[in-house]
Every structure is written in C-alpha cells, then in structure tokens.
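The next block holds one structure in the form of structure tokens; read it before the comments.
Just follow the structure's listing: the first ligand is 1, and inside any ligand the first atom is 1. Keep in mind that what you see is a predicted model, and the values were worked out from it rather than measured.
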Amino acid sequence: MSGPGGAGKGTIARALLDSDPRLTLSRSWTTRDRRVDDVQDAYVFVTRAEFDVRLHAGGFLEWNEFLGHAYGTPVPKESGDRDLLLEIDVAGGRQVLDRLPDALCLFVDAPNDDELRRRLIERGDGRERAEQRVAEAARERAEAEDLGYRRVVNDNLDTAIVEVRDLIDAARAGV
Ligand code: 5GP
C-alpha cells in the first residue's frame, strides 16, 4: 500500500488489520525522527549506521530514501498463510514487484491536491514540507499508474476501506 502521507493509508491499514486476522503489518525501519502523531510502534527508529549494517547484510526486502531519510522493509520471516501488509512508497513497491510479481499494489490517494495539502498541514507538517509532499505525490501517482497500481481515492473513509477490502478479496481469489 502506497500513497502520500495524509491520504489516510495508516487509518485504512489499521481498519483492515483490526478486521482481518490473516493480515499482518510489516514494521519498517526508518532513520527519521519520531513525529508527534506516530503511533508507538509505527517504525523501528534507528540511526543511519544501524540501517546500513542491516542493508549491507541483505536484510531488507526493499528500501528507499525519502526527503533525506532511509526507510526499509525487513525481509519477512516465513509467515504461513498470513498476508503481509507493507506501507511503503512507490519506489519500494517497484522493488517488491520485481521480487513478488503477484503482489497487490494499492495507491491510496486524497481526492485532490488542495485536500491533500490541508490534511498534511493539519497533521503537523509545516507549509514548506507539505508543498514538498504534494509535489512528490504527483510524481508517485504517475509512477504508480505505470506499475499497474490500483488507485483508491480516500474521499469517504468507510467507502475507501470497503474498496480496499474488495480488492484484497479479489486478489486472494486470484481474480
Ligand atoms: P512518513 O515519514 O510519512 O512516515 O513516510 C514517508 C514515506 O515513506 C511514505 O511514503 C511511506 O509510505 C514511506 N515508507 C514507509 N516505510 C517504508 C519502507 O519500509 N520502505 C519504503 N520504500 N518506503 C517506506
């Protein structure tokens, strides 16, 4: 699952995880600082040196740098019949698709740029950072489309959750 911060990825992910026992959230490593609105276990917060040790040991399924910080998905342990939910950016999604071509890739988006900007500022990004993220979102949206991501517009949260759930069900059924 990808999409700009502020589009509601995290909220949708939480709703899915609460209602679907087959889903497990992959916890990423990041070198960025903890933000006030981060839930306690949002990330494993590490130094760049710690990140690099794991990276050079082949310990990430995918990784990327975003606005000056590294983010990576630890190589998952054997998960039986559980499905792993990754909240990552589109460059990471590209790496996952290279290794796992059947992965379901979803781009959770805000209805438009004004709404995205409003949500980013409301959650504590400064104006300049919000502008950077709006521009980055436009680039990612285009890349996601190229990669065959399914776009889910989060205008109404309940509707978006149902839409994502339906896409997961269809992927599990091999539709
Ligand atoms: P934030 O700093 O807002 O939590 O996340 C910034 C961006 O990094 C988001 O687009 C988020 O999806 C992405 N991200 C978070 N974890 C990972 C990861 O493990 N790998 C990659 N490639 N991107 C990640």
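Side chains of E143 and R94 form a contact here, defined as non-hydrogen atoms less than 4.5 Å apart.
Atom 19 (O) of ligand 1 has as its closest protein heavy atom S28 OG, 2.6 Å. With hydrogens left out, the protein atom closest to atom 23 (N) of ligand 1 is D89 N, 3.1 Å, a heavy atom. When hydrogens are left out, the protein atom nearest atom 5 (O) of ligand 1 is Y43 OH, 3.3 Å; that is the closest non-hydrogen contact.
Not close to ligand 1: A91, with no non-hydrogen atom less than 4.0 angstrom away.
Looking at ligand 1, you'll find an N or O of Y71 within less than 3.5 Å of one of its N or O atoms. Checking only distances, E140 never comes within under 3.5 Å of ligand 1, N or O to N or O. At a 3.5 angstrom cut-off on N or O pairs, F66 does not count as close to ligand 1. Looking at ligand 1, you won't find any N or O of W29 less than 3.5 Å from one of its N or O atoms.
Using a 4.0 Å cut-off between a side-chain N of Lys or Arg and a carboxylate O of Asp or Glu, D81 and R172 do not qualify as a salt bridge. Looking at R141 and E145, no side-chain N of the basic residue comes within less than 4.0 Å of a carboxylate O on the acidic one, giving no salt bridge. Under a 4.0 Å N-O distance rule, the pair D125/R133 qualifies as a salt bridge.
Proximity of R35 to ligand 1, defined as any heavy-atom pair under 4.0 Å, is confined to the side chain (atoms from C-beta onward).
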Derivation of the side-chain contact (heavy atoms from CB on, under 4.5 Å) call for R129 and L67: CA-CA 9 Å; R129 189 145 178 105; L67 301 181; 3.9 Å; yes
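Here atom 10 (O) of ligand 1 lies nearest to K9 when heavy atoms of K9, M1, R133, E87 are compared.
Under a 3.5 Å cut-off, the side chain of T30 and the backbone N or O of F45 do not form any donor-acceptor pair. R117 contributes no side-chain N or O that, together with a main-chain N or O of V134, makes up a donor-acceptor pair within less than 3.5 Å.
For ligand 1, the atoms sitting less than 4.0 Å from at least one non-hydrogen atom of R32 are 1 (P), 2 (O), 4 (O), numbered in the order shown with element in parentheses. Against a heavy-atom cut-off of under 4.0 Å, E62 is close to the following atoms of ligand 1: 18 (C), 19 (O), 20 (N), 21 (C), 22 (N).
Between F51 and F60, the two ring planes are parallel [angle under 30°; tilted spans 30° to 60°].
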